Amino acid sequence: MTTISASAMQASSHSYKRVAIAACFGTFLEWYDFLTFATLAVVFAPLFFPTSDPSTALLASLATFGVGMVVRPIGAAIFGSIGDRIGRRPVFMITIALMGIATVSVGFLPTYSQAGIWAPILLVGLRLLQGLSAGGEIGGSAVYLTEHAGEVNRGFKTSFLQLMGPLGILVSTLQIALLQNYLTQEQFLSWGWRVPFWISLILLLLAFKARMALEETPIYLQLSKAETQSKNPLRDNLKDPETRKRMFLLFFCISAGGAVLFFCVQVYTSIFLKTSVKLSPQLVDQLSVYATIALLPLTVFAGWLSDKIGRKPVVVSGLILGATLILPAFHLLQENSNSTILVALVLICLSGILALVVGPQTALLAELFPAKTRNSAATLPHNLAAGWIGGLLPLIVTWLNQQWASDIAGLWYPTIFLGGGAIVAIAFLPETKAVELSK
């Protein structure tokens, strides 16, 4: 076992704020790029998948969003192993460049009316590149930041990374709301939807500059100095029974639970209110902004709370509340669409449930695994859950709704998943808040 020297940990503590800002800004860009597509899913449907049936076009658009999520585990397997073998920092430079280039390119794509079948093909191709990049970034950034955070108040200090997803949606939603407010419908469909993708070029340059100043984690430097890195970390993880067990727990309880709640609360609610409840897009975007703003302090509070009472009780409470309240919440949204205040309160309550699961998540990703194989052990199940469970949720729920001719029936999918995750977590999830990360 290796132990980090007191001087190294003190140096890391002194530079933590700078490291956190640089890491979080890069992750914000990843989420902004990745989720702008989800925010514009309804717009992309007629532009890239024209059909006489709007429901079919929406399914095609959501499937394209899902494709990016499905390949995330591939990116996690590739970049996670690289992070364990050559360091956490180099992976960040690759993933941020890949995501930025793919996203900017979306802004210059021709639509179906301009290029025919090549338009959706190119869109799917760029979405695949985004997914590979996100697989290396999301999860790996949690390990990086947690290894810099030290042993005290890790849940609180690392919870800020979880704000980047909501902030990415917030900035994207605000941009689109402003564009729709100042442009005519024809202008927005003609070129306005491209603006958020063009702006990502500026954000890419800023993020790349910030990441150039990132330092390697003291834990990885110690592993490198002692030459104790794993030569094949993914294989070593899968051969070790305890690591396999914890990878499953991370996948099924923490990451899948958080992903299901995230896409229910931050992605699918917007689609549901626009397509099923028939609220105006402008009003839905405004309500989404309020819910996202409320999520930010709630997430940090959940991270802080996990330092006081433990990661497990906070996460388990979020899973139980999610399984219990998702269906009633969407029923309320459907039946009380005329009450803007009630709709806003429901969205804020859902944000609170989400915060309980994701607030401690960053610290948990690193605390569950030994240092030498941590990056690959954390990133693969995390991205597998986020990509295959959470990322496909809007598509699966929409398809189930169509099969059952109901706007609500598909929500049994996340309800059952959250309930199963809660049961498994209660029985098997270990408490990790006091784990020494250098071991």
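Small disclaimer: the values here were computed from a predicted structure and weren't measured.
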Under the side chain to side chain contact (heavy atoms under 4.5 Å, CB included) rule, what do V300 and L163 come out as? Steps first, then yes or no, please.
CA-CA 8 Å; V300 175; L163 305 184; 3.9 Å; yes
Gap separating the CE atom of M99 from the CG atom of L126, nearest 0.5 angstrom
11.5 Å
Do any N or O atoms from the side chain of [X] and from the backbone of [Y] form a donor-acceptor pair under 3.5 angstrom?
X: N153; Y: F156; answer: no
X: Q361; Y: I254; answer: yes
X: S172; Y: G168; answer: no
X: K433; Y: K308; answer: yes
X: S351; Y: L347; answer: yes
X: R72; Y: G131; answer: no

Do the non-hydrogen side-chain atoms of [X] and [Y] ever get within less than 4.5 Å of each other?
X: L298; Y: F301; answer: no
X: I389; Y: F252; answer: no
X: L437; Y: R374; answer: yes

Under 3.5 Å, is there a donor on one side chain and an acceptor on the other for Q162 and T299?
no
Residue pair D236 / T373, side-chain donor-acceptor N/O under 3.5 Å
no
Work out which heavy atom in G322 is nearest to a heavy atom in I326; give both atom names and the distance.
O-CG1, 2.9 Å
Which word best sums up how the rings of F330 and F272 line up, parallel for under 30°, tilted for 30 to 60°, or perpendicular for over 60°?
perpendicular
What class does the angle between the rings of H148 and Y144 fall in, given that below 30° is parallel, 30 to 60° is tilted and above 60° is perpendicular?
perpendicular
Would you check if the distance from the ring center of F428 to the ring center of F248 is below 6.0 Å?
no
Walk me through whether W193 and F48 qualify under ring pair (Phe, Tyr, Trp, His ring centres under 6.0 Å).
CA-CA 13 Å; W193 64 270; F48 288 88; 5.8 Å; yes
Is E367 salt-bridged to R311, going by a charged N under 4.0 Å from an acidic O?
yes
Looking at D285 and K274, is any side-chain nitrogen of the basic one under 4.0 Å from a carboxylate oxygen of the acidic one?
yes
